[in-house]
Each structure stands twice: as structure tokens, then as C-alpha cells.
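Below, read A as the first sequence line, B as the second, and so on, with proteins coming before strands; counting in each chain starts at 1.
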Number of protein chains: 2
Amino acid sequence: MSDLGTLPEGKTDSVQQIIDAAAQCFMAKGPEKATIDDVASLLGSTKGRVYHHFRSKNAILIEVHNQAMQSLSNTINPLIARDIPADQKLLEMAVAHANVIMDTFPFQRSVRLSVDIYLLGSSTTEEREIMGKLIDARNQYENLFRDVIRTGIEEGTLNVPDVAMATRALLGALNGLGDWYRIRPDQSQEEREAIAQNLADTVIHGIKA
Amino acid sequence: MSDLGTLPEGKTDSVQQIIDAAAQCFMAKGPEKATIDDVASLLGSTKGRVYHHFRSKNAILIEVHNQAMQSLSNTINPLIARDIPADQKLLEMAVAHANVIMDTFPFQRSVRLSVDIYLLGSSTTEEREIMGKLIDARNQYENLFRDVIRTGIEEGTLNVPDVAMATRALLGALNGLGDWYRIRPDQSQEEREAIAQNLADTVIHGIKA
DNA sequence: AAGTTAACATACTCTGGAGAATGTTTCCCG
DNA sequence: CGGGAAACATTCTCCAGAGTATGTTAACTT
């Protein structure tokens, strides 16, 4: 995220730094064990800076969620519009999805480590509402895949016993990346591409000979 | 777990109650937000009872991990021995795996919510070692699937570009259950069976027509 | 029936970490 | 060049929640 020329949503440079650092910490320790001091000291500064820009720890986590979701949507949406066979489109979407997960790994993993739970407990009502929107967004996102699968079945290019289940299976396999993938700075873009391709291929073509 | 006639590992009834309750709480709030008092009050008792049987919160979480792992192994191991084609065996293993996840849901979800992270931070050295064994056990378990896939490729009944990736894809799709599945007490065994079957089928046969 | 111990409940301590209050510096704008 | 006001740093408060220390009860043993 930090290597983007343009900052999302008019966020100043310093704020985005905080968000990036937070994502790193959330990834490393999990959102609850990660401390605001952790985030600050990773930035070489102190709490003061963080709390000057965010009302609470949850507020940061929400922003991390938000940007994680944005990254996925921004990548997938352009692919949806294209007018190609559904099986081909689904494959491209799957590959793209996997690539985004690896590219924005700290964000995606932070989300994965906090899904639902973290924010339901404490957090203000407003935060709860925002969280609701994020969950909606995630569902919408999943629906993009679901719709393509449905289209593919109508076209005859795809075939599954249950559309909803197939969507879950596909995204489950891809999101599993968040569990076992580990960032290696030396890793080339080609290697990542290969991972994404293999993963997507396997789910779409199956394991059977 | 609690409906088993025989208790695992000679654990007394009261202790197993604590473990079950803890799994429930860990599932609901996540292992860090879940409080020992939560566990106790779910049991209608107090901290005293819990700390009489466990040295720490981590100790309980480890035990939950342990039993989650045991449930899976106990179910899969018998299937490994059978002398049938690998594609068929893999399907059965996948279905069984999915069923165990649903049957022991609080345990599996607790594990999923704490993988790696929770115990790396604090926890004593001894606990860290035990955790290491559990991670080994999980890897061993994954290897069971990997081996069957490899066998299937030799046999010619299975075919994937990358065995390791296929294993990840399969288990990722199945473990995704831990994210989206929700317990419904009224749900029949047949419904669960259908979910397990559909999920396993989709990954093994693929989405493509 | 007195002593011992397991199985808890009650009451306490103590610390990490969130968030607030307050100080300090830098920058910007008239 | 003076006077805000961001953008932080420093310092302080405060409490939830883990773990402990100490009662209390019941059951078991000899």
C-alpha cells in the first residue's frame, strides 16, 4: 500500500504511515496483542502521534479493514465488466484475488485475524455501524464471484452441485493464503504469479485426473 | 465433545466441562477477548474452579487445540489404512474432515482464531514447546492429505500442477467452514453431510464443466 | 471422629496497555 | 514577525482481567 503514488481518500502521508505500521503489527501479533506503542515505536515515534490521528485502536483496525477491502475491489471490479466466457473470467478473478492477498499481505492477514469478533465486543455504536458496512462490502464482493459462477453454469462453461458452496470453496482455498503464505522480500513477482495461478487452477479444474 | 461417553485422556468430568466451556467462549469472543470469568460464569461457577485445574489461560487454550487436533486425527487415521483408489480415498477424507469441523465446531474455530499468534507472545517456555508439538501434529495431519494426492498422481487417478498447492487448496476450502459455518441446533445430520459432500466434491472435481 | 485433601468460592493484588491531559515544537498565514 | 494551530512528545490516570492467597465445604481415609 505504501508504495502507491496516490494516497487513498486524501489521507495525508503521515496517517497512511500509521495505517501501514498498524497493519504490520496486527499481522505480527494479532490485532489484540498488538499495542499502540508497538505501532508507534515501529514508526520511531510515540502514542501521541497515533492518538492525534485516530480516536481509538479500533478506528485504526477499521481503516485497515477498509483498505484491505478496497484493494480487492479495485482489482476485481475492472475484470467483472469484461465480456469473456465465465470460466475464463472466474480464473482471472481468482488469480487476481490471490495476487492482491500477497501484495497487501499485512492488511489481508490483519483482517483474517480479526474477522467479526474483535469489533463486536467493545467499540462504540458508530464503529459497529461502520463494521456492518464493511461486512456488507465483503458480502457484495463474494457475490461478484458467485454471479460469475452462476453465469458460467448458464453458459455451460462451469458446473457445480451448489453455487453458494462453490463460491465458498473457491474463496476458502484462495483466502487460505492468509494462513500459510509468508512474505519473502526476495521473492520475485513471477513466483507470486505462479502461486496465484496454481491455486486458482487447482480449485477451478479440480484435483481429479 | 461433551456428548462422548468416554472422556479423553482420563480427564475428569468437571475438567472436560471447563474445556468445553472455554472452547465456547474462545469461539464466541476469540481467545484473547474471552475471559476466564466468562468461562467460569458460563459454567455457573467462578475463577477458583478454573484455576484449580489449569495453571493459566494458555494451558486451557492448548488443551482445546489438542482436542481439536485429536478429533481430526481420530477420524482420518482409520481412512488412511484402507486399500482403495486414491481419488476415492481423498474424497472420503475430505468429507470426513469437513464433518469433524462441524461436529467439533467450537474447538476448531477456537484454533482457527488463534493459529500461531496467541501463544508466541507471552506463555512460558514449556507451553511454547507443547505448542511446537501441536504445530508439528498439524503438519503431519496435512501430510496425510498430501501423500494421498501424491499417490493418486502416481496411480493416475488424480492430477494437479503442484501437490503442495493442491493440498493447501483442498484444506483451505474445507477449513473455510470455520469462517462461514454457523451452528444451528435444529440442523439435521443429513444437512451437514450435504455440506461436507458438496464442499469436498467441488474442490476435487473442480468448478469447470 | 479427627485429620487430610480435593474441589471449589471469595477476596485480593498487580500489571499492561488504552486513552486523556498537558507540554513542546514546527509550520503557516496574515 | 507574532500568533495561532497542526503535529507531535511526555506524562498521567485508570481499569479490566490474569493470576494469587486465603477461606470454606464436603468427601474420604484410618
Figure out the [atom1]/[atom2] separation between [X] and [N], and round it to whole Å.
{"X": "R49(A)", "N": "dT22(C)", "atom1": "CZ", "atom2": "P", "value": "24 Å"}
{"X": "Y51(B)", "N": "dT20(D)", "atom1": "OH", "atom2": "P", "value": "8 Å"}
{"X": "D13(A)", "N": "dA7(D)", "atom1": "CG", "atom2": "P", "value": "12 Å"}
{"X": "F54(B)", "N": "dA7(C)", "atom1": "CZ", "atom2": "P", "value": "12 Å"}
{"X": "D37(B)", "N": "dC15(D)", "atom1": "CG", "atom2": "C1'", "value": "14 Å"}
{"X": "I36(B)", "N": "dT20(D)", "atom1": "CD1", "atom2": "P", "value": "12 Å"}
{"X": "E32(B)", "N": "dG17(C)", "atom1": "CD", "atom2": "C1'", "value": "14 Å"}

Just to confirm, is there a sub-4.0 Å distance from OP1 or OP2 of [N] to any side-chain nitrogen or oxygen of [X]?
{"X": "T35(B)", "N": "dA18(D)", "result": "yes"}
{"X": "H52(B)", "N": "dA7(C)", "result": "yes"}
{"X": "S14(A)", "N": "dC8(D)", "result": "yes"}
{"X": "H53(B)", "N": "dC8(C)", "result": "yes"}

Review point. Are any non-hydrogen side-chain atoms of D179(B) and R109(B) less than 4.5 angstrom apart?
Key: yes

Review point. Through what angle, rounded to 10 degrees, does the axis of the helix from dA1(C)-dT30(D) to dG30(C)-dC1(D) turn between its ends, using five pairs per end?
Key: 0°

Output yes when [X] and [Y] qualify as a salt bridge under the 4.0 Å nitrogen-oxygen rule, no when they do not.
{"X": "D103(B)", "Y": "R192(B)", "value": "yes"}
{"X": "R150(A)", "Y": "D147(A)", "value": "yes"}
{"X": "K33(B)", "Y": "D38(B)", "value": "no"}

Review point. Backbone N or O of E32(A) within a donor-acceptor pair of the K57(A) side chain at under 3.5 Å?
Key: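 Judged by distance alone, yes, a pair lies under 3.5 Å.
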
Exercise for review: Indicate, yes or no, whether a donor-acceptor pair under 3.5 Å links the base of dG19(C) to the side chain of K57(A).
Suggested key: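 Answer is no: no donor-acceptor pair is held.
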
Check your understanding: Under 3.5 Å, is there an N or O donor on one side and an acceptor on the other linking the side chain of K47(B) and the base of dA18(D)?
Key -> yes

Review point. Side chains of T202(B) and R168(A): is there a donor and an acceptor less than 3.5 Å apart?
Key: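 Per modelled atom types, T202(B) and R168(A) side chains form no pair under 3.5 Å.
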
Point to revise | Passing candidate, side-chain hydrogen bond (donor to acceptor under 3.5 Å, both in side chains) with D20(A), options Q16(A), Q17(A), Q24(A) | key: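 Testing D20(A) for a side-chain hydrogen bond (donor to acceptor under 3.5 Å, both in side chains) against Q16(A), Q17(A), Q24(A) leaves exactly one candidate, Q16(A).
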
Review point. Quick one: are the ring centres of Y141(B) and H97(B) less than 6.0 Å apart?
Key: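 Yes - the distance between ring centres of Y141(B) and H97(B) falls below the 6.0 Å cut-off.
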
Review point. Within the structure shown, what part of the strands sits under 4.0 Å from A34(A) by heavy-atom distance: base, sugar-phosphate, or nothing?
Key: sugar-phosphate

Check your understanding: Of all of residues 38-46 of chain A, which get a heavy atom below 4.0 angstrom from DNA chain D, listed by number?
Key ->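 The stretch gives S45(A), T46(A) as the residues lying under 4.0 Å from the strand, ordered by number.
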
Exercise for review: Indicate the atoms forming the closest heavy-atom contact of S110(A) with P106(A), along with that distance.
Suggested key: OG-O, 2.7 Å

